[in-house]
Number of protein chains: 2
Amino acid sequence: MSDSILLETRYPWNVFNSQCPTRQVLDRIADKWSVLILRRLSDGTLRFAQLRRAVDGISQKVLTNTLRGLERDGLVTRRIYASVPPRVEYSLTDLGRSLGGLVEGICCWAEANIERVEAARTVYDLASAAPEGEIH
Amino acid sequence: MSDSILLETRYPWNVFNSQCPTRQVLDRIADKWSVLILRRLSDGTLRFAQLRRAVDGISQKVLTNTLRGLERDGLVTRRIYASVPPRVEYSLTDLGRSLGGLVEGICCWAEANIERVEAARTVYDLASAAPEGEIH
DNA sequence: CCGCATCCTGAACGATACTG
DNA sequence: CAGTATCGTTCAGGATGCGG
């Protein structure tokens with residue numbers, strides 16, 4: 001009996017349940033900024049300012065917050081060097097690296113399919129603008 | 001010459017550039033609700049109310065908005081049956097189905113690694129609460 | 001049943017100024 | 001350099017009521 005349960009659901013968790021803690025994980029990793037940061041760090045260690053430049057458009061505040069969250073969830077390591085000026089390096093943990101393939105997959109999908117998406121948008125927007133036109 | 005360019009970057013797009021349209025795609029798919037909806041629809045067509053129940057915690061407004069966005073971007077099809085009461089079915093397009101593996105990967109990663117994430121959080125929160133304690 | 005319109009609150013975010 | 005702190009704004013999102 002317990003075997004069948006194990007076969008049906010390998011984990012007792014369920015992202016579709018809003019009370020399940022996995023939802024919080026989904027919230028963290030299914031996030032634009034998290035994806036971009038993780039992907040940058042998958043190429044190697046970066047300092048705060050480097051990371052900021054590498055992820056165009058992110059504000060200092062959002063970068064700080066996102067890094068804190070990623071660090072708290074064990075995806076990113078923060079190493080501080082007590083020098084003047086201060087030096088802080090961010091890198092992926094093993095757990096963070098285990099997300100590498102997914103994160104790259106997401107970015108690649110976006111780059112590979114943007115033209116299809118834009119084409120779909122054009123069609124959709126045209127249909128929305130003049131829905132009556134189709135009938136006449 | 002053009003060959004080397006093609007080899008270096010297969011696409012002229014770059015998600016790290018905030019002006020690049022691929023950022024908008026990333027915004028769409030690197031989103032908690034989009035991921036959950038796409039994953040549900042990858043198992044088959046669903047009506048609006050079914051989808052709402054299947055994605056626990058989503059409000060009607062957010063579901064509507066997210067579905068519109070996914071439809072506009074060509075990931076989801078909306079089929080309307082002019083019956084009483086009205087019947088609206090949502091399903092994935094081919095483009096949406098091409099995201100299936102990634103979407104499933106994200107959800108599975110969350111379910112498979114939640115315990116590691118929670119363990120990391122415990123460590124992080126303890127260290128933040130009493131950082132002086134380590135020295136004594 | 002589906003989902004649009006409206007109102008409203010709180011969280012997210014940008015900009016700026018300041019510190020170790 | 002790498003933040004923290006504060007302020008002001010914007011906007012996502014919840015609640016409710018109505019309409020096709």
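None of the values given here were measured: they were computed from a predicted structure. Lettering of chains follows the sequences in order, A, B, ..., and the numbering in each one begins at 1.
- Note on B:Tyr90: only backbone sugar-phosphate atoms sit closer than 4.0 angstrom, heavy atoms only; bases stay farther off.
- Of the possible donor and acceptor atoms, one in the side chain of A:Asp31 sits under 3.5 Å from a partner among the backbone N and O of A:Ser34.
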Run the numbers on A:Leu67 and A:Arg78 for side-chain contact (heavy atoms from CB on, under 4.5 Å), then give the verdict. CA-CA 9 Å; A:Leu67 283 171; A:Arg78 181 161 169 261; over 6 Å; no
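- Within residues 16-51 of chain B, the residues that place at least one heavy atom under 4.0 Å from DNA chain C are, in residue-number order, B:Arg47, B:Phe48, B:Ala49.
- Here the side chains of B:Leu95 and A:Val117 are in contact, with some heavy-atom distance below 4.5 Å.
- Connection of B:Ile80 to B:Val76 is established within a shared hydrophobic cluster, with ILVMFWY side chains joined at heavy-atom distances below 4.5 Å, either directly or through further cluster members.
- Hydrophobic clustering, with ILVMFWY side chains joined whenever heavy atoms are under 4.5 angstrom apart, keeps B:Tyr124 apart from A:Leu99.
- Screening A:Leu38, A:Thr45, A:Ile37 against A:Leu41 for a side chain to side chain contact (heavy atoms under 4.5 Å, CB included) leaves a single residue, A:Ile37.
- Between the side chains of A:Asn65 and A:Arg68, not a single donor N or O lies within less than 3.5 Å of an accepting N or O.
- First and last contacts of DNA chain C with chain A, using any nucleotide atom under 4.0 Å from a protein heavy atom and ordered 5' to 3', fall at C:dC13 to C:dG20.
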Polar atom pairs (N or O), protein with nucleotides 5-11 of chain D, under 3.5 Å:
none

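- A donor-acceptor pair is defined here as one N or O able to donate and one able to accept, closer than 3.5 Å; no such pair exists between the side chain of B:Thr22 and the backbone of A:Glu111.
- For the side chain to side chain donor-acceptor pair (under 3.5 Å) test, residues two or more places apart in sequence or in another chain that qualify with B:Arg121 are A:Gln24, A:Asp73.
- With A:Phe16 as the aromatic partner, B:Arg40 meets the cation-pi criteria of under 6.0 angstrom to the ring centre and within 45 degrees of the ring axis.
- B:Arg23 contributes a side-chain N or O that, together with a main-chain N or O of B:Val15, makes up a donor-acceptor pair within less than 3.5 Å.
- A donor-acceptor pair is defined here as one N or O able to donate and one able to accept, closer than 3.5 Å; such a pair exists between the side chain of B:Ser59 and the backbone of B:Val62.
- Heavy atoms of other residues, nucleotides or ligands lying less than 6.0 angstrom from CD of B:Gln50 number more than 12.
- In this structure, B:Thr122 contributes its side chain and B:Glu118 its backbone to a donor-acceptor pair below 3.5 Å.
- The overall bend of the helix from C:dC1-D:dG20 to C:dG20-D:dC1, read as the angle between its terminal helix axes built from five base pairs each, is 50° when rounded to 10 degrees.
- In this structure, the side chain of A:Thr93 engages the main chain of A:Leu75 through a donor-acceptor pair within 3.5 Å.
- Near DNA chain C, meaning a heavy atom under 4.0 Å away, the residues from residues 64-80 of chain B are B:Thr64, B:Arg68, B:Arg78.
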